[in-house]
Amino acid sequence: MTDNQAEIGMSIVAGQPLDDWEPPEIDTSLPHSARVYDYWLGGKDHFPADRALGEAFEQAIPTMRSMAKENRVFLGRAVRHLVRDCGIRQFLDIGTGIPTGGNTHQVAQAEAPESRVVYVDNDPIVLAHARALLVGDDRGRTAYLHADLRDPAAILRHPALTGTLDLTEPVGLVLVAVLMLVADEDEPHAKVAELLDALPSGSHIVVTHPTADFDPETVAGVVAAADRGKLTLVPRTREEVAAFLGDWEILEPGVVPVMAWRPDGEPPADPRAAWYWAGVARKP
């Protein structure tokens, strides 16, 4: 990104200005996690394969849509906390998904208009929606890069990131409902550790992750359905999720069910109704 681009807040995709970019071909024959999630949230950017897998999940877990929504609501709570109470003004959101209400930059810039956000996803349809995703407050800046969590070095050196975020200042790393898409053999904990090592003191990490801890048998059926759809889905235990936070200082109330992390208003009657663990931690 040139100085002039930075001055006018121009965002880039895959190293190119948006006006010069053409969308890649989208394979609609196989489901993709971003599009399945969009289906659950009531979006319109999904295809028959995505809907079929989403419905298979719902047959096993009838409350799947409400779980997805609770995960999204948590994102807003966590980002607001980082901006209001922790002074975070820049975010790296990996596993962005298709734009919907309450995107990270919308939440952050509503609190601090100067906030900067870099989004990362590897689904071409998310790339196709980059224009909508990047609309934010002119006093801040947003950018999108097409990349994979399994290659953190490529993310960290990408011009869309280096031209938007200052990695000498604290960053909020957002990994919401994405780590379950990385198989154990791809060493997800090592990939996250590489990202954490690159961030300075005062940075925070926000994580949610589906788990089989609350209903192993049902979740096993969902994993089998994902496997039939050729989609990686790895539920993890509370201990495995907590390990993604490394040796950072875990904020209260700890690694807890997503609905129990600093809820707005009254605490939920059954915080385990959404089968995600959630946690936020700070780098000392």
Side-chain angles (χ1 to χ4, degrees), residues 33-34 37 40-41 57 61 63-86 88 91-97 100-104 106-108 111 117 119-120 149 171-182 188-189 191-193 195-196 199 203-216 218-219 222 233-283:
S33 58
Y37 199 65
W40 288 331
L41 292 176
F57 279 28
I61 307 175
T63 56
M64 192 68 244
R65 288 178 184 253
S66 64
M67 291 187 189
K69 290 176 181 177
E70 288 293 345
N71 196 62
R72 189 73 181 181
V73 171
F74 162 82
L75 171 65
R77 294 200 306 272
V79 170
R80 278 192 295 273
H81 172 69
L82 294 195
V83 176
R84 289 177 182 174
D85 302 323
C86 305
I88 299 297
F91 291 84
L92 175 57
D93 184 337
I94 302 178
T96 301
T100 184
N103 297 301
T104 295
Q106 293 170 322
V107 176
E111 300 293 332
V117 180
Y119 291 106
V120 181
L149 173 59
V171 173
L173 173 61
V174 178
L175 297 170
V176 168
V178 63
L179 291 165
M180 74 282 194
L181 305 174
V182 184
H189 287 91
K191 305 304 184 186
V192 173
L195 292 168
L196 298 185
L199 302 181
S203 294
H204 288 68
I205 178 174
V206 176
V207 170
T208 70
H209 200 300
T211 184
D213 289 353
F214 306 152
D215 191 333
T218 299
V219 173
V222 168
L233 176 61
V234 185
R236 293 188 168 97
T237 66
R238 182 182 181 279
E239 290 72 23
E240 290 171 324
V241 175
F244 284 116
L245 307 180
D247 60 357
W248 291 19
E249 174 190 353
I250 299 177
L251 276 57
E252 293 294 337
V255 178
V256 296
V258 67
M259 295 172 67
W261 197 91
R262 305 192 182 201
D264 296 324
E266 292 295 322
D270 181 11
R272 294 193 170 203
W275 299 346
Y276 288 85
W277 291 114
V280 179
R282 177 186 182 276
K283 188 170 189 176

Trainee: Could you check I88, I94, V207, D93 and say which one makes a side-chain contact (heavy atoms from CB on, under 4.5 Å) with L173?
Mentor: I94
Trainee: Could you walk me through whether V120 and L149 satisfy the side-chain contact (heavy atoms from CB on, under 4.5 Å) test, starting with their C-alpha distance in whole Å, then the side-chain angles of each, then the deciding distance to 0.1 Å, before giving a yes or no?
Mentor: CA-CA 8 Å; V120 181; L149 173 59; over 6 Å; no
Trainee: Suppose we screen for side chain to side chain donor-acceptor pair (under 3.5 Å). Which residues come up paired with H204, at least two apart in sequence or across chains?
Mentor: none
Trainee: Between T104 and L75, is the side-chain contact (heavy atoms from CB on, under 4.5 Å) condition met? List the steps.
Mentor: CA-CA 8 Å; T104 295; L75 171 65; 3.8 Å; yes
Trainee: Evaluate the side-chain proximity of R77 to V73: yes if any heavy-atom separation is below 4.5 Å, no if none is.
Mentor: yes
Trainee: Just distance, no hydrogens or angles: give the donor-acceptor pairs under 3.5 Å from side chains in residues 276-283, sequence neighbours left out.
Mentor:
from	atom 1	to	atom 2	distance (Å)
W277	NE1	T211	OG1	3.2
W277	NE1	D213	OD2	2.8
K283	NZ	L196	O	3.1
K283	NZ	L199	O	2.5

Trainee: Within the structure provided, determine whether V83 and F91 are in side-chain contact (heavy-atom separation under 4.5 Å).
Mentor: yes
Trainee: Donor-acceptor check, side chain of Q106 to backbone of G102, threshold 3.5 angstrom: yes or no?
Mentor: yes
Trainee: Who passes salt bridge (charged side-chain N to carboxylate O under 4.0 Å, His left out) against R238, sequence neighbours left out?
Mentor: none
Trainee: With sequence neighbours excluded, tell me which residues meet ring pair (Phe, Tyr, Trp, His ring centres under 6.0 Å) with F74.
Mentor: W261
Trainee: Identify every side-chain donor-acceptor pair in residues 239-246 under 3.5 Å, counting partners at least two apart or on other chains, and give the distances.
Mentor:
from	atom 1	to	atom 2	distance (Å)
E240	OE1	T237	N	2.8
E240	OE1	T237	OG1	3.3

Trainee: Indicate the atoms forming the closest heavy-atom contact of P263 with P267, along with that distance.
Mentor: CG-CA, 4.1 Å
Trainee: Which pair of heavy atoms, one from V178 and one from G95, lies closest together, and at what distance?
Mentor: CG2-CA, 3.8 Å
Trainee: Would you indicate whether the side-chain heavy atoms of R236 and P188 approach each other to under 4.5 Å?
Mentor: yes
Trainee: Give the minimum heavy-atom separation between P253 and A260, together with the two atoms involved.
Mentor: CG-O, 3.9 Å
Trainee: So which atom in T63 and which in A273 form the shortest heavy-atom distance, rounded to 0.1 Å?
Mentor: OG1-O, 4.4 Å
Trainee: If I take atom CG from residue L82 and atom CD1 from residue I205, how far apart are they, to the nearest 0.5 angstrom?
Mentor: 11.0 Å
Trainee: Scan for salt bridge (Lys or Arg N to Asp or Glu O under 4.0 Å) pairs involving residues 261-278, sequence neighbours excluded, and state none if there are none.
Mentor: R80-D264
Trainee: Do P235 and W275 touch side chain to side chain, with heavy atoms closer than 4.5 Å?
Mentor: no
Trainee: Nearest 0.5 Å, please: how far is CG in L181 from NE2 in H209?
Mentor: 8.0 Å
